[in-house]
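The structure under discussion appears below in the form of structure tokens.
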Amino acid sequence: MNRRRWVAVFGAFALTTVAITYVMGLWVTPPDVFQGNLVRLIYVHPAVAWVAYLAYGVTSLSSIAYLWKKTRNYKWDLLAASSTEVGVVFTALTLITGSIWGRPTWGVWWTWDARLTTTALLLVLYLGYLALRRVTEDREQRAKRGAVAALIAFIDVPIVHQSVVWWKTLHQSATVFNADLNPKIHGEMAWTLLLGFLSFTAVYLWMVIKRYEIAKAEMAAEEQGIEEAIRERVGSL
Amino acid sequence: MNGYVEAGYAAVTAGLGSYAIWLSVKSRRLREAFVRVKVDDEAPKQGE
């Protein structure tokens with residue numbers, strides 16, 4: 001089986017796991033005593049938020065690998081950019097699903113709560129990273145500036161995670177992956193939650209692979225364009 | 001069930017689905033463009 005086929009098979013696998021999560025989350029698991037059916041949003045909201053953290057973690061590691069002279073390679077820069085783009089999609093979905101849950105629970109679509117505000121800031125920071133990459137055409141400059149910006153933006157990730165501990169927030173603190181590692185949750189609910197984390201992680205991996213391949217092909221096209229321009233110029237002399 | 005729950009699941013499906021479609025279309029277009037360039041490069045030039 002060639003590489004392209006493997007990626008397609010993995011994409012189908014990711015899609016299947018998400019479909020199973022949806023069936024479990026929407027129909028199989030029981031409603032919550034206090035929240036009723038609204039609890040079903042828990043199978044997607046924390047999972048997409050986790051993927052956003054993961055994506056920015058991969059971006060940071062790739063950026064470090066690019067900045068470190070021993071491992072410097074444009075592949076790391078492309079991976080960082082690909083992971084960020086996917087992470088931005090997941091961060092936006094985190095805010096949207098959180099807002100949809102907040103309206104019936106808190107009575108508002110949005111509030112300047114510490115968790116919500118720092119997550120919105122996270123989205124803006126990484127949108128800024130993607131914008132910064134478009135400022136210059138110079139590949140080396142783009143990669144270096146991008147790597148530094150990605151590492152600065154990552155400072156917000158632990159702040160987002162700890163915001164519910166450091167400040168008084170409307171957002172609930174960790175209930176499943178708590179400090180005691182004692183999830184007070186029904187078995188079916190816990191397994192569906194775990195499946196949600198796994199399935200959205202699989203979707204993230206598929207998306208990063210596809211985005212990375214596109215970025216690599218675009219870089220090759222860019223190189224080919226430069227070579228052709230040189231050939232034309234040399235040919236016309 | 002619950003309109004908010006349905007809206008949440010719909011948002012995730014629409015968001016990830018549209019991005020996945022965009023990725024697939026873009027990668028297919030790039031692949032086709034590369035095949036075209038390769039074929040053009042390999043085709044005998046006029047006068048050869």
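Labels below follow one simple rule: chain letters A, B, ... track the order of the sequence lines, proteins then strands, and each chain is numbered from 1.
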Please find the pair of heavy atoms, one from [X] and one from [Y], that lie closest to each other, and give the distance.
{"X": "B:Val5", "Y": "A:Leu38", "value": "CG2-CA, 3.8 Å"}
{"X": "A:Ile214", "Y": "B:Ser27", "value": "CG1-CB, 3.7 Å"}
{"X": "B:Ala11", "Y": "A:Ile100", "value": "CB-CD1, 4.4 Å"}

Could you tell me which residues in residues 6-16 of chain A have at least one non-hydrogen atom under 4.5 Å from a non-hydrogen atom of chain B, sorted by residue number? none
In terms of heavy-atom pairs under 4.5 Å with chain B, which of [options] leads?
{"options": "A:Val44, A:Leu41, A:Val89", "answer": "A:Leu41"}
{"options": "A:Val18, A:Leu26, A:Val203", "answer": "A:Leu26"}
{"options": "A:Val48, A:Leu93, A:Thr97", "answer": "A:Leu93"}
{"options": "A:Ala217, A:Ala220, A:Pro104", "answer": "A:Pro104"}
{"options": "A:Arg103, A:Glu218, A:Glu85", "answer": "A:Glu85"}

A:His161 atom NE2, neighbour heavy-atom count above 12 within 6.0 Å: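 Incorrect, the count does not exceed 12.
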Around A:Trp206, counting heavy atoms of other residues, nucleotides and ligands shown, do more than 12 lie under 6.0 Å from its CH2?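 More than 12 within 6.0 Å, yes.
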Where does [X] contact chain B at under 4.5 Å (heavy atoms): side chain, backbone, both or neither?
{"X": "A:Val39", "value": "neither"}
{"X": "A:Ile96", "value": "side chain"}
{"X": "A:Trp101", "value": "neither"}

To the nearest 0.5 Å, what is the distance between [atom1] on [X] and [atom2] on [Y]?
{"X": "A:Arg211", "Y": "B:Trp22", "atom1": "CZ", "atom2": "CH2", "value": "4.5 Å"}
{"X": "B:Arg31", "Y": "A:Glu213", "atom1": "CZ", "atom2": "CD", "value": "8.5 Å"}
{"X": "A:Gln35", "Y": "B:Asn2", "atom1": "CD", "atom2": "CG", "value": "10.5 Å"}

Using the side-chain contact (heavy atoms from CB on, under 4.5 Å) rule, take A:Thr105 and B:Tyr4 through it: C-alpha gap first, then chi angles, then the decisive distance, then the call. CA-CA 10 Å; A:Thr105 314; B:Tyr4 291 104; over 6 Å; no
Relative to each other, are the rings of B:Tyr9 and A:Tyr22 parallel, tilted or perpendicular (30° and 60° limits)? perpendicular
Region of B:Leu23 that comes under 4.5 Å of a non-hydrogen atom in chain A: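 Both the backbone and the side chain of B:Leu23 come within 4.5 Å of chain A.
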